[in-house]
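Some notes on the structure that comes next.
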Amino acid sequence: MSLLDRVRESRFLRDSFLLQISGALQAGIGLVSSAAIAHSIGEEGQSSYGITIAMYGLLFMLLNTGVVSAAVNQISAADKNGRPEKIASWLAYVAKVYGGVGVVLIAVGFLALPSVAEWRGYENAHQLGWMAAVLCTMSILETPRVVATVAFQGLRRMADLARLDVGTDLGRLAAILIGLAILREPAGAVYGHLVGGAIGSVIGTFMMRRASRADARVPGVRDIVWRVRDVPVAQGLPLALRAGSMRSMDALALEVLPPLLIQPAVAILDGVAAHVRVAQRVMKLPVTLLQGLSRTALPMLSRNMGERDPEKFRSQFLRVSAMGGLVVVLGIGLALLVLPIAVRVIYPDDYVEPVRRLCLIFAIGYAMQSFAVALDAFYFVSGKFRVAILISVLGLAVTVPLMAVLGERFPQTGVAWGVVASMSLCLVHYAYIGWYFLSGRYKTMFDEAPAAPPDPAVN
């Protein structure tokens, strides 16, 4: 059987391929967006924009409940067991929790973020803090899109998910370009970012309406809205918080804190924050090869909670992890050869050498992380979130101070080396999972885990 025939017959490979394509398109759109910002407002302006995004991200991750990953996991299990009412209730739960957190985010953001900017000592602290606070409205604007994303991923409607992702990013790119053309300052990109979120929600709402008419498993928009009021928040919150805490700590260490830990003057005036942001976007191009597998792996492996087959879960987990790691390592190797040329073509000359140097550093970390494609799925299905959180907490306690020290000692590259140190924590996860499988403990994983996951459905 040829490789093409295998792809056609395997739903997992078909879904992964679709999301690989959409992920590559999204990464390309992100590069175009960052290049447009670089040419429009320069290194200093892009650094200010990146720091604004980081301050908003810091607050968002501190309040993140992890409801998205938890809901995808539970919707996949409910779909396997044929429980449409539970699917609708979990989507209503996402809308209620995500929107509720958005309200808190706005209130806290306008009170706290200007002070954070002042505390870091940025020259334009008032403007940066205000822009970051405005970005806090994003969670409210994006709630309908997030609900649609959860529905499509949990029910494995990956073609719809890919269209929604790419459509949202194209809308955001257009809005950012228009904002930059009008204002010619970081605020134009910020407003464009917000408008892009609203565009994604409009697209997601229309797609949900169409999908519900074509697929009985997809709840109607009205059904979801009617359930929002009565769905109990506390019922599914423990699972969501466990998932959210692990993801939040990873995101804080890898995406949010690095720009904020660079020396304030160097970060903006020398454009180091812009270089770090661009280098991360560049290196995400080969890592998008992992996105299709990771987003398909969670719903696929979560169905084992319905089948309760530990041997099948182990073999699927190992196969997906090995496949993802090999593909991404090859992609990173190719990227290191090709992407410096692309950076030279699409970015100003001042970016080329700093970004090339940072890409070489980040490549080490991304290569180590490449085999973590199904890490979330393992902890969801095995119920070992306490272990994951312990590893993440201890790792954060070590790597964040290290990142701060390195950023102080080596302003141009220190934070990047700190990010690589954070990424190396995946080796600890690998060691634990290897022990878990080799010791045979996985054979009783479904005896230890609850037979029925937390259900927010109202009886």
Side-chain angles (χ1 to χ4, degrees), residues 34 37-38 40-63 105-138 183-191 193-194 248-249 251-281 350-351 354-355 357-358 361-362 396-422:
S34 64
I37 294 172
S40 178
I41 57 179
E43 289 179 331
E44 187 174 338
Q46 187 168 41
S47 291
S48 296
Y49 171 68
I51 290 170
T52 299
I53 295 289
M55 285 195 292
Y56 158 70
L58 174 64
L59 186 57
F60 179 83
M61 288 302 167
L62 290 176
L63 295 175
L105 195 66
I106 292 171
V108 176
F110 277 93
L111 289 173
L113 291 180
S115 299
V116 171
E118 294 283 354
W119 169 68
R120 286 298 293 154
Y122 298 119
E123 289 187 4
N124 52 347
H126 177 74
Q127 182 186 19
L128 291 179
W130 179 81
M131 288 193 300
V134 170
L135 274 174
C136 290
T137 59
M138 177 67 73
L183 297 179
R184 291 287 177 177
E185 62 179 37
V190 169
Y191 292 136
H193 202 78
L194 288 172
S248 293
M249 285 184 281
L252 283 170
L254 303 183
E255 301 285 346
V256 175
L257 289 177
L260 300 179
L261 292 176
I262 301 170
Q263 294 180 27
V266 173
I268 293 180
L269 297 179
D270 288 356
V272 176
H275 300 153
V276 169
R277 181 174 175 80
V278 169
Q280 287 183 313
R281 282 193 173 277
D350 292 344
Y351 280 71
V355 169
R357 183 170 59 245
L358 290 168
I361 297 171
F362 284 133
L396 203 65
V398 173
T399 58
V400 170
L402 176 63
M403 193 183 301
V405 171
L406 291 173
E408 187 74 23
R409 293 286 302 276
F410 309 100
Q412 303 296 324
T413 60
V415 166
W417 284 114
V419 171
V420 171
S422 295

Kindly compute the distance separating [atom1] ([X]) from [atom2] ([Y]), expressed to the nearest 0.5 Å.
X: Q280; Y: L358; atom1: CD; atom2: CG; value: 9.0 Å
X: Y56; Y: L113; atom1: OH; atom2: CG; value: 10.5 Å
X: L257; Y: L261; atom1: CG; atom2: CG; value: 5.5 Å
X: I37; Y: R277; atom1: CD1; atom2: CZ; value: 6.5 Å

Note to self: I want to check something: taking the side chain as every heavy atom from C-beta on, are R184 and S40 in contact at a cut-off of under 4.5 Å?
What the structure shows: yes
Margin query: Do P411 and V272 make a side-chain contact, defined as non-hydrogen atoms from C-beta onward lying under 4.5 Å apart?
Written below: no
For a quick test of reading the model, state the closest non-hydrogen atom pair linking [X] to [Y] and the distance between them.
X: Y122; Y: P259; value: OH-O, 4.3 Å
X: G109; Y: P114; value: O-CD, 3.5 Å
X: P258; Y: V419; value: CG-CG2, 3.5 Å
X: A125; Y: A117; value: O-CB, 3.3 Å
X: L402; Y: A421; value: CD2-CB, 3.9 Å

Note to self: I need the single residue from V420, V415, I262 that forms a side chain to side chain contact (heavy atoms under 4.5 Å, CB included) with M403. Which is it?
What the structure shows: V415
Note to self: Under a 3.5 Å distance rule, please check whether R120 uses its side chain to pair with a backbone N or O of L260 as donor and acceptor.
What the structure shows: yes
Note to self: Would N124 and I268 count as a side chain to side chain contact (heavy atoms under 4.5 Å, CB included) here? Give the steps.
What the structure shows: CA-CA 10 Å; N124 52 347; I268 293 180; 3.8 Å; yes
Margin query: Tell me every residue that passes side chain to side chain donor-acceptor pair (under 3.5 Å) with Q127, counting only those two or more places apart in sequence or in another chain.
Written below: none
Kindly list each side-chain donor-acceptor pair under 3.5 angstrom involving residues 46-55, sequence neighbours excluded, with atom names and distances?
residue : atom : partner : partner atom : Å
Q46     : OE1  : Y351    : OH           : 2.6
Q46     : NE2  : S34     : O            : 3.0
S47     : OG   : E43     : O            : 3.0
S47     : OG   : A267    : O            : 3.0
S47     : OG   : A274    : N            : 3.0
S48     : OG   : E44     : O            : 3.1
Y49     : OH   : H193    : ND1          : 3.4
T52     : OG1  : S48     : O            : 2.8

